[in-house]
Undergrad: 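Take this structure first; my questions come after.
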Amino acid sequence: MTEVIDRDLREGRVEAVVTRFPPEPNGYLHIGHAKAICLDFGIARDYDGRVHLRMDDTNPTTEDPAFVAAIERDVRWLGFAWDDLRYASDYFESLYAQAERLIQHGDAYVDARDEATIRATRGSVSEPGTPSPDRDRGPAENLDLFRRMRAGEFADGSHVLRAKIDLASPNMILRDPVLYRIKHAHHYRTGDAWCVYPLYDFAHPLSDAIEGITHSLCTLEFDNNRAIYDWLVERLFPEPRPRQYEFARLVVDRTVLSKRKLIALVREGHVEGWDDPRMPTLAGIRRRGVPPEAIRTFVDRVGVTKANSRTDPALLDHAVRDALNTTAPRVMAVLDPVELLLEDPDGELDGIDGVDAPSFPDDVIGLVPEAADASRLLPLGRRLWIERDDVALDPPAGFRRMAPGRAVRLRHGVVVLCEGVDVDAEGRVTRAQARVLPGTLGRNPDGVKVWAAIHWLDADTALPAEFHLFGDLFTVADPDAAGDFRQHLDPASLVVHRGFVEPSVAADAADTRYQFERQGYFWRDPGPELGPEAAATDPSGSLVPSGSLVPSGSLVPSGLVWNRIVTLKDARRVTAGGGERSPAPARARPAARAPAAEAAGGEPAGGAAGTGEAPDPLAGLAPADRAAAERWIEGGVDPVHAGLIAAEPLLAGLLADAVGAGADVAVAAPWVAQETRGELRRRGQLPAQLTGEALAELLALLADGTLHAGGAREAWAAVAAGEGSPRAVVERRGLARLDDEAALLAAARAAVAAHPAEAAAFRGGKQALVGFFVGQVMRATGGRADPRAAQAAVRAALAEG
RNA sequence: UGGCCCUUCGUCUAAUGGCAGGACAACUGGUUUUGGUCCAGUCGGUCGGGGUUCGAAUCCCUGAGGGCCAGCCA
């Protein structure tokens, strides 16, 4: 992507970069849009260009101003600022004028048939469409009809404006696409001013052109649409015209990103709303507490290519933890509390009713020195809350926390020795007793193993709180792969706990993001940001009445409701006996990947693949061409090459000319079939300089030793680029073969001397490095060195060491 | 089925025709008053076949696999 822009700038095709992000205001932005936003805005920023946020509002029946506001807010939240806010609907008048121009040029016509008929006559991927009786109507009549369409004389669907392109095009998009349809509908911005509205394929390229967009970035599925994009822009606008480039959509495992499915999740009540923290919408992600910079680094890490791929949500989690590790103060919270009663026979705690605890560990302070100043008071009494699964009566293998007879440190406090554990009928821990070990505040006891540091809360001062633990919405990587996506919904995607949090948080800003030690990153649920007004104006349907997700703060005396942003990475392993289990409903281990995901991965192409009969390279040739090909084969030409050349008259003529000019057919054929054919394909035409005579000249230079193969290839490309005859090119570029042994040896020695580490590696047995050194010599000699001689020189130079 | 796009460690992504590298994940150790962080290390890849080349992930052919297109959605 940046390569294209660099070239456009370098070649002066454009003076400055202008991009645009063009959402349709008919839904909420999600993480997939974040990729496009980061790209469009990021490129504009990196190239010191401009970026427009454009509402692609050409369909009055689905769009709504509430979404415009939501989109603006989401883009800003991500940390971007647009240079201009535009609306496609502002261009309706000029778009209409362009449509009239098209009609006047005879490039568009009004079709009076209904939707079903047009659909039926478009043909299929393997059959051409059939023309409408209206297709050959004259421009004047079309213009009249189109004006009457605008004037409101016709009913919805009775007429459309179509581009007149090619009903037999293998690209379905080009089969006379519809440009304008009649919709007697109220538009949220233009009101009732219009009853004809342009379609995407018409409005989008022309909006880009109107705004002077230089690089129009979009996702892969619009690849086919580029043809109509270019067709329109070339007819209606002068250079510099906008150009469209495609990149792969972001797909994240264990969620869904299609608008339809997201709507279904909301409407059917699988989630609490568009900003449910489990949703991949930016509103949901924001409410969950993810900081925007984490989204940006995530998008950076994912990269931009044209290969459709799926991204592991672990990559996002990592970006979130990375952003929060150095910024989130550590506090303690107990999600599933049990009582711990302390005995203090030595009076260790006498006179102490709390400890001052640093808010950040030393390693974070190392990264962010000012974090050293932050601390808070931690009350400490004789009755505490600790986490239920930090205690076991009968510890399973691998259990490293509290159990009878084991000492653990109370984080930031003293070491205690467990003296008793009460369990209920099901074996669940209900209470524990422990004795404070003397002299262990800030110091480890002698001769006593401390098994762990556990988090705790003073029971008398801890604030009651509710914790919302979010997991992936789906249990499988690709919910669409098998059956209805709903059947893969994870019922444990939201787990609510009632517990306690330390009192210090009451003094902090409400939007503080914390790490609850050993649990994860949390922040206070800001509550639904999409208020009732969003529900009321949501044209896609009713928002489900909020249930448990609305802060049930009223039920919690402190009113505190915490959203878990992301878990801590959890390294505790499940033992063979299954004794230890992950306490949080954390993301399932990779081993738990569903069968559907495996199947989606595709069967490796084994067995029968690749072993099929080689097809006849001469199949499908006309008899005369076939005869020519057979003659070449007799002359020693590879049959595949012969077939390729014979199929293309330009190439066949070129080969014949070259042979006529004295070239050996067997030598010339690969140059025609590969190098020359490649030029033909890339340029769409055969460069005039690529004649048989030129090829014969090139091959003569090769034969008499003036050139080696690599130089000849470069020379041929230069000839194709119009730099002159092979001989002239070789002269100008200094491509003549260099086989002076002394010079090559000197170059080889220099290369070896310049790369001692590589030389040592070679002598250590890494033979592949010969190529590396040959490459160095080739570079040093401007590509002139004879490769064989260079390789010999390299080996000699390496042997000298 | 016609056309177009795509294919590099488990995942994502680099490599002017010249040492296949990084990140995430996993795994091993070390540090640690968080089973966190950090540090060190391990595992692991060019879809198959052919061609051109001294040398191919890269260029050419071919096979396989995946995606998109037959809305008056965008």
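Order of the sequence lines fixes the chain letters, A, B, ..., with proteins taken first and strands second; residue numbering starts at 1 for each chain. Keep in mind it's a predicted model, so treat the numbers as computed, not measured.
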Undergrad: So do the side chains of Val110(A) and Met149(A) get within less than 4.5 Å of each other, counting heavy atoms only?
TA: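 The answer is yes; the side chains approach within 4.5 Å.
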Undergrad: I need the CG-C1' distance between Asn224(A) and rG71(B), as an integer number of Å.
TA: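 Asn224(A) atom CG is separated from rG71(B) atom C1' by 14 Å.
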Undergrad: Please state whether the rings of Phe21(A) and His33(A) are parallel, tilted or perpendicular, taking 30° and 60° as the class boundaries.
TA: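 Rings of Phe21(A) and His33(A): perpendicular, as their planes differ by over 60°.
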Undergrad: Using the P atoms only, state how far rC5(B) lies from rU62(B), rounded to an integer number of Å.
TA: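 So the two P atoms sit 14 Å from each other.
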Undergrad: Does rG71(B) fall in syn (glycosidic angle within 90° of 0) or anti?
TA: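 This nucleotide is in syn.
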Undergrad: Nearest to the side chain of Ala307(A) - rU7(B), rC73(B), rG18(B)?
TA: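 Side chain of Ala307(A) sits closest to rU7(B).
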Undergrad: Taking atom P in both rG22(B) and rA74(B), compute the distance separating them and give it to the nearest angstrom.
TA: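 About 46 Å, rounded to a whole number of Å.
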Undergrad: Need the pair for rG2(B). Rule: Watson-Crick or G-U wobble, both distances under 3.5 Å, any strand; none if unpaired.
TA: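 rG2(B) is paired, partner rC69(B).
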Undergrad: At 4.0 Å (heavy atoms only), tell me whether Gln515(A) reaches a base, stays on the sugar-phosphate, or touches nothing.
TA: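 Here Gln515(A) touches the bases of the nucleic acid.
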Undergrad: Taking the side chain of Asp223(A) as heavy atoms from C-beta outward, which of rC5(B), rC72(B), rG36(B) is closest to it?
TA: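 Per side-chain heavy atoms of Asp223(A), the pick is rC5(B).
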Undergrad: Indicate, yes or no, whether a donor-acceptor pair under 3.5 Å links the base of rG35(B) to the side chain of Arg518(A).
TA: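 By the distance-only test, no, there is no pair.
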Undergrad: Send over the distance from Glu758(A) CD to rG21(B) P, rounded to a whole Å.
TA: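 In whole Å, rG21(B) P and Glu758(A) CD are 12 Å from each other.
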Undergrad: From the list rU37(B), rC24(B), rC72(B), which nucleotide is the closest neighbour of the side chain of Asn325(A)?
TA: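 The answer is rU37(B), which lies nearest to the side chain.
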Undergrad: Scan Asp56(A) against the nucleic acid and name what it touches under 4.0 Å (heavy atoms): base, sugar-phosphate only, or nothing.
TA: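 Sugar-phosphate: the residue Asp56(A), judged by heavy atoms under 4.0 Å, touches backbone atoms but no base.
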Undergrad: Please work out if Val770(A) contacts a base, only the sugar-phosphate, or nothing of the nucleic acid, heavy-atom cut-off 4.0 Å.
TA: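 Result for Val770(A) = nothing.
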Undergrad: Tell me: NE2 of His318(A) to C1' of rU11(B), nearest whole Å?
TA: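 For the pair His318(A) NE2 and rU11(B) C1', the rounded distance is 14 Å.
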Undergrad: Indicate, with yes or no, if the rings of His755(A) and Phe772(A) have centres closer together than 6.0 Å.
TA: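 Aromatic pair counts; centres sit under 6.0 Å.
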Undergrad: Please work out if Glu221(A) contacts a base, only the sugar-phosphate, or nothing of the nucleic acid, heavy-atom cut-off 4.0 Å.
TA: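 Result for Glu221(A) = sugar-phosphate.
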Undergrad: Assign Ser309(A) to base, sugar-phosphate, or nothing according to its heavy-atom contacts below 4.0 angstrom with the strands shown.
TA: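 Result for Ser309(A) = sugar-phosphate.
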Undergrad: Touch check for Val160(A), heavy atoms < 4.0 angstrom, all strands: base, sugar-phosphate only, or nothing?
TA: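 Touches a base.
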Undergrad: Please check if atom CZ in Arg310(A) has more than 12 non-hydrogen atoms from other residues, nucleotides or ligands closer than 6.0 Å.
TA: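 Correct, the count exceeds 12.
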Undergrad: Contact class for Arg681(A) (heavy atom, under 4.0 Å): base, sugar-phosphate, or nothing?
TA: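 It contacts sugar-phosphate atoms only.
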Undergrad: Tell me whether the OP1 or OP2 atom of rG71(B) has a side-chain N or O from Arg175(A) closer than 4.0 Å.
TA: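 Answer is no, no contact under 4.0 Å.
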Undergrad: Should Arg310(A) be listed as having a side-chain N or O under 4.0 Å from OP1 or OP2 of rG66(B)?
TA: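 The answer is no; no side-chain N or O of Arg310(A) sits under 4.0 Å from OP1 or OP2.
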Undergrad: Contact class for Glu24(A) vs. all strands (heavy atom < 4.0 Å): base, sugar-phosphate, or nothing?
TA: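 If one applies the 4.0 Å heavy-atom cut-off, Glu24(A) turns out to touch the sugar-phosphate alone, with no base involved.
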Undergrad: What interatomic distance, in whole Å, is found between P of rU13(B) and the corresponding atom of rU31(B)?
TA: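 These two P atoms come out 38 Å apart once rounded.
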Undergrad: So, does the side chain of Arg779(A) form a donor-acceptor pair with the base of rU16(B) at under 3.5 Å?
TA: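 Such a pair exists between side chain and base.
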Undergrad: Contact between Gln791(A) and Arg795(A) at the side-chain level, heavy atoms closer than 4.5 Å - yes or no?
TA: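 Contact flag for Gln791(A)/Arg795(A) side chains = yes.
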Undergrad: Need one value for Arg411(A): base, sugar-phosphate or nothing, where a base atom within 4.0 Å counts as base even if backbone is also close, heavy atoms only.
TA: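 Touches a base.
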Undergrad: Could you please name the option among rA25(B), rG3(B), rG35(B) that lies closest to any side-chain atom of Lys569(A)?
TA: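 For Lys569(A), the side-chain atoms sit closest to rA25(B).
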Undergrad: Would you mind telling me which of rU53(B), rG18(B), rC59(B) lies closest to the side-chain atoms of Gln674(A)?
TA: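 Nearest nucleotide to the side chain: rC59(B).
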Undergrad: Given that both distances must come in under 3.5 Å, which nucleotide forms a Watson-Crick or G-U wobble pair with rU7(B)?
TA: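 Base partner found: rA64(B).
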Undergrad: Taking the nucleotide of RNA chain B with the nearest heavy atom to each, does Arg788(A) or Leu441(A) sit closer to the 5' end?
TA: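 Per heavy-atom nearest nucleotide, the more 5' residue is Leu441(A).
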Undergrad: Checking side chain to side chain donor-acceptor pair (under 3.5 Å) between His455(A) and each of Glu517(A), Glu387(A), Arg330(A), Arg411(A), which is the one that passes?
TA: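 Filter result, single survivor: Glu387(A).
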Undergrad: Quickly work out the Ile173(A) CD1 to rC72(B) C1' distance and round it to whole Å.
TA: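 Rounded to the whole Å, the gap is 14 Å.
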Undergrad: How close or far is atom C1' of rG67(B) from atom CG of Asn225(A), stated in whole angstroms?
TA: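 Rounded to whole Å, this separation is 15 Å.
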Undergrad: Would you kindly compare Gly775(A) and Thr311(A) by the position of their nearest RNA chain B nucleotide and give the one closer to the 5′ end?
TA: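 Final value for this comparison: Thr311(A).
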Undergrad: For the side chain of Pro170(A), counting heavy atoms from C-beta on, which of rU11(B), rG2(B), rC60(B) is nearest?
TA: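 It is rG2(B).
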Undergrad: Between Arg330(A) (CZ) and rG35(B) (P), how many Å, whole number?
TA: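 About 13 Å, once rounded to whole Å.
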Undergrad: Report which part of the nucleic acid Leu568(A) touches: base, sugar-phosphate, or nothing (heavy-atom distance under 4.0 Å, all strands).
TA: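 It contacts base atoms.
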Undergrad: Measure distances between side-chain N and O atoms of Arg409(A) and base N and O atoms of rU33(B), and say whether any donor-acceptor pair falls under 3.5 Å.
TA: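 Between rU33(B) and Arg409(A), which were checked side chain against base, a qualifying N/O pair under 3.5 Å is present.
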Undergrad: Figure out the CZ/P separation between Arg713(A) and rC60(B), and round it to whole Å.
TA: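 Roughly 12 Å, once rounded to whole Å.
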Undergrad: Taking any heavy-atom pair under 4.0 Å as a contact, classify Thr305(A): base, sugar-phosphate, or nothing.
TA: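 It contacts sugar-phosphate atoms only.
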Undergrad: Suppose you measure atom P in rG45(B) against the same atom in rU33(B); what distance do you get, rounded to whole Å?
TA: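 So the two P atoms sit 39 Å from each other.
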Undergrad: Please classify the nucleic acid contact of Leu769(A) as base, sugar-phosphate, or nothing, using heavy-atom distances under 4.0 Å.
TA: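 Here Leu769(A) touches the bases of the nucleic acid.
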Undergrad: Applying the side chain to side chain contact (heavy atoms under 4.5 Å, CB included) criterion to Val302(A), which one of Asp312(A), Leu316(A), Thr311(A), Val251(A) satisfies it?
TA: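 Checked Asp312(A), Leu316(A), Thr311(A), Val251(A) against Val302(A); only one passes side chain to side chain contact (heavy atoms under 4.5 Å, CB included): Thr311(A).
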Undergrad: Does Asn171(A) contact rC4(B) through a side-chain donor or acceptor facing the base, at a distance under 3.5 Å?
TA: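 Answer no: no donor N or O sits under 3.5 Å from an acceptor.
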Undergrad: Could you check whether any side-chain N or O of Thr440(A) sits under 3.5 Å from a backbone N or O of Arg443(A), counting only pairs where one atom can act as donor and the other as acceptor?
TA: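 Not at all, since once roles are kept as given, no pair shorter than 3.5 Å links the two residues.
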Undergrad: Thr58(A) near the nucleic acid: base, sugar-phosphate alone, or nothing, with a heavy-atom cut-off under 4.0 Å?
TA: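 The answer is sugar-phosphate, as Thr58(A) gets under 4.0 Å only of primed atoms, P, OP1 or OP2.
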Undergrad: Taking only side-chain N and O atoms of Arg321(A), does any of them lie within less than 4.0 angstrom of OP1 or OP2 on rU37(B)?
TA: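 The answer is no; no side-chain N or O of Arg321(A) sits under 4.0 Å from OP1 or OP2.
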Undergrad: Would you measure the distance from the C1' atom in rA56(B) across to the matching atom in rC24(B) and give it in whole Å?
TA: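 So the two C1' atoms sit 29 Å from each other.
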Undergrad: Among Asp317(A), Asp322(A), Leu315(A), find the residue that satisfies the side chain to side chain contact (heavy atoms under 4.5 Å, CB included) test when tested with Phe298(A).
TA: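 For Phe298(A), the side chain to side chain contact (heavy atoms under 4.5 Å, CB included) test succeeds with only one of Asp317(A), Asp322(A), Leu315(A), which is Leu315(A).
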Undergrad: Partner lookup for rC54(B), please. Criteria are Watson-Crick or G-U wobble with both distances under 3.5 angstrom; report none if nothing qualifies.
TA: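 Partner of rC54(B): rG18(B).
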Undergrad: Whether the side chain of Asp363(A) and the base of rG36(B) hold a donor-acceptor pair under 3.5 Å is what I'd like checked.
TA: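 Yes, a donor-acceptor pair under 3.5 Å.
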Undergrad: Expressed as a whole number of angstroms, how long is the span from Asn308(A):CG to rC12(B):P?
TA: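 Between P of rC12(B) and CG of Asn308(A): 10 Å.
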Undergrad: Counting the atoms with a prime plus P, OP1 and OP2 as sugar-phosphate, which does His641(A) contact under 4.0 Å by heavy atoms, base, sugar-phosphate, or nothing?
TA: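 Here His641(A) touches the backbone only, sparing every base.
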Undergrad: Kindly determine whether Thr297(A) and Asp300(A) satisfy side chain to side chain donor-acceptor pair (under 3.5 Å), including the steps that lead there.
TA: CA-CA 5 Å; Thr297(A) 52; Asp300(A) 277 351; over 6 Å; no
Undergrad: Between rU53(B), rC60(B), rU34(B), which one does the side chain of Leu644(A) approach most closely?
TA: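 Out of rU53(B), rC60(B), rU34(B), the nucleotide with an atom closest to Leu644(A)'s side chain is rC60(B).
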